[in-house]
There are 2 protein chains.
Amino acid sequence: MRLLQQSFDAFDESAAARLGLNRTDLRCLDLILAKDPMAAGELTTAAKLSPAATTTAIDRLERAGFVTRSRDAANRRRVLVAATEAARAAEREVYGPLGEAGTSALRRYGEEQLAVIIDFLETARRVQEEQTARLKKLPVRE
Amino acid sequence: MRLLQQSFDAFDESAAARLGLNRTDLRCLDLILAKDPMAAGELTTAAKLSPAATTTAIDRLERAGFVTRSRDAANRRRVLVAATEAARAAEREVYGPLGEAGTSALRRYGEEQLAVIIDFLETARRVQEEQTARLKKLPVRE
DNA sequence: CATCATCTTTCGACATTCGAAGCTTTCTGT
DNA sequence: ACAGAAAGCTTCGAATGTCGAAAGATGATG
């Protein structure tokens with residue numbers, strides 16, 4: 001598990017390097033691609049950043065040509081952030097082959113085995129979340 | 001998979017908050033606990049930080065009471081970083097229950113199922129690493 | 001239509017990172 | 001032995017990213 005986590009980490013880092021982004025910005029871009037367009041405030045919540053940090057992150061993504069800003073016509077206080085075609089192309093380049101490799105690797109398994117794997121993944125996530133919740137209840141040091 | 005990764009991430013963040021550390025320092029502390037004592041230079045390599053960043057990370061861990069510095073008697077250029085008892089106690093508090101919960105969750109599976117899970121984990125890691133290697137070959141943007 | 005709430009941005013301060021330079025200690029060749 | 005190079009860590013200055021607070025603009029409410 002630990003090793004798998006480290007490999008996730010290494011992948012994210014390489015992906016960020018490939019796109020010339022830092023990891024915060026890559027995370028934001030992923031979130032924007034998942035819900036396109038997205039209001040800046042939603043991104044603040046989803047990325048767990050301060051509003052100020054979100055603004056500068058969007059600035060950087062905009063400068064890099066991955067997103068565009070526009071006022072929400074329905075509520076002109078809000079700013080909508082939309083991914084550009086360049087962002088979608090980058091997503092395909094980075095995640096497309098990963099998805100294909102994953103899919104073809106899963107073909108080795110039979111139906112029962114896939115069920116075990118899915119059950120395991122769900123269980124692992126549940127355990128991890130329970131333990132996260134436990135930590136959150138403990139007092140913060142300092 | 002994506003969700004599992006996010007839950008890993010959330011756990012690490014809570015663990016760091018619990019200990020009053022940032023995530024870089026937590027990663028360093030994990031590495032030190034895994035190979036205790038560890039030379040500062042090894043930590044630089046293992047954590048993929050610059051030597052300068054490593055020095056300040058050790059400074060912070062030392063100030064927090066989690067590690068101590070000492071000159072290597074055999075090679076007095078090197079600085080050995082050792083975890084304190086407080087660090088080991090923190091490790092037990094944070095990771096102990098996670099390990100137990102994980103172990104007990106795995107008890108639900110039979111031997112064949114466990115074999116499938118292990119195979120899956122290894123495959124996933126291999127795929128992830130192959131894809132990381134692919135990204136590293138691409139030119140860096142900008 | 002005045003006031004309060006919402007949403008984003010700007011501002012100043014602080015933390016973390018890096019590259020380069022510096023210091024001490026060890027190794028190498030003569 | 002000893003001069004010079006190498007190894008290993010730290011210090012320094014600059015750049016980057018983050019936050020909290022305040023400000024600005026728009027929308028909702030009575």
Side-chain angles (χ1 to χ4, degrees), chain A residues 9-10 12-17 19-32 35 37-64 66-82 140-142, chain B residues 9 12-14 16-17 19-32 35 37-64 66-82 140-142:
Chain A
D9 222 59
D12 278 356
E13 194 152 312
S14 293
L19 301 179
L21 299 176
N22 65 43
R23 290 185 62 175
T24 297
D25 295 355
L26 178 60
R27 194 155 42 99
C28 289
L29 185 55
D30 280 346
L31 291 166
I32 294 164
K35 183 174 188 312
M38 187 178 222
E42 290 179 87
L43 187 55
T44 295
T45 312
K48 286 180 194 154
L49 289 174
S50 68
T54 307
T55 295
T56 63
I58 296 174
D59 286 346
R60 291 189 295 269
L61 286 172
E62 195 171 31
R63 197 155 1 98
F66 288 131
V67 304
T68 57
R69 273 188 172 90
S70 63
R71 290 262 160 207
D72 184 344
N75 181 348
R76 294 178 43 70
R77 287 171 302 187
R78 294 170 18 123
V79 169
L80 293 180
V81 184
V140 170
R141 195 168 184 276
E142 252 93 318
Chain B
D9 222 61
D12 277 357
E13 194 151 312
S14 293
L19 301 179
L21 299 175
N22 65 43
R23 292 187 59 174
T24 297
D25 295 355
L26 178 61
R27 192 154 44 99
C28 289
L29 185 55
D30 280 345
L31 291 166
I32 294 164
K35 182 174 189 309
M38 188 177 222
E42 290 179 89
L43 186 55
T44 295
T45 311
K48 286 180 193 152
L49 288 175
S50 68
T54 308
T55 294
T56 63
I58 296 172
D59 287 346
R60 290 189 296 268
L61 287 172
E62 195 172 32
R63 201 162 347 106
F66 288 131
V67 304
T68 57
R69 273 189 172 91
S70 64
R71 291 261 161 209
D72 183 344
N75 182 348
R76 294 176 41 71
R77 287 170 303 187
R78 296 178 3 132
V79 169
L80 293 180
V81 184
V140 169
R141 196 171 184 275
E142 251 93 317

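To find a chain, count down the sequence lines: A is the first, B the second, and so on, and within it residues start at 1.
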Is there side-chain contact between [X] and [Y], with heavy atoms separated by less than 4.5 Å?
X     : Y     : result
A/R71 : A/L80 : no
B/R60 : B/N22 : yes
A/L61 : A/I32 : yes

Whole-Å gap separating [atom2] ([N]) and [atom1] ([X]):
X     : N      : atom1 : atom2 : value
A/M38 : C/dC7  : CE    : P     : 14 Å
A/R27 : D/dG17 : CZ    : P     : 14 Å
A/D72 : D/dA28 : CG    : P     : 11 Å
B/L26 : C/dT16 : CG    : P     : 13 Å
B/R23 : C/dT17 : CZ    : P     : 13 Å
B/K48 : C/dT17 : NZ    : C1'   : 17 Å
B/L49 : C/dA15 : CG    : C1'   : 14 Å
A/N22 : D/dA15 : CG    : P     : 18 Å

Inset, instruction - Identify whether the distance between the nearest side-chain nitrogen and carboxylate oxygen of B/D59 and B/R69 falls below 4.0 Å. - result: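 Yes.
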Inset, instruction - Taking only Lys NZ, Arg NE, NH1 and NH2, and the carboxylate oxygens of Asp or Glu, determine whether A/D30 and A/K35 approach each other closer than 4.0 Å. - result: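 No salt bridge links A/D30 with A/K35.
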Inset, instruction - Give me the one residue out of B/L49, B/V81, B/T54 that meets side chain to side chain contact (heavy atoms under 4.5 Å, CB included) with B/C28. - result: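 Looking at B/L49, B/V81, B/T54, the match for B/C28 under the side chain to side chain contact (heavy atoms under 4.5 Å, CB included) is B/L49.
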Inset, instruction - Summarise how protein sits on nucleotides 2-12 of chain D as a single string, 5' to 3': B when a protein heavy atom is under 4.0 Å from the base, S for sugar-phosphate-only contact, - for no contact. - result: ----BBSSBB-
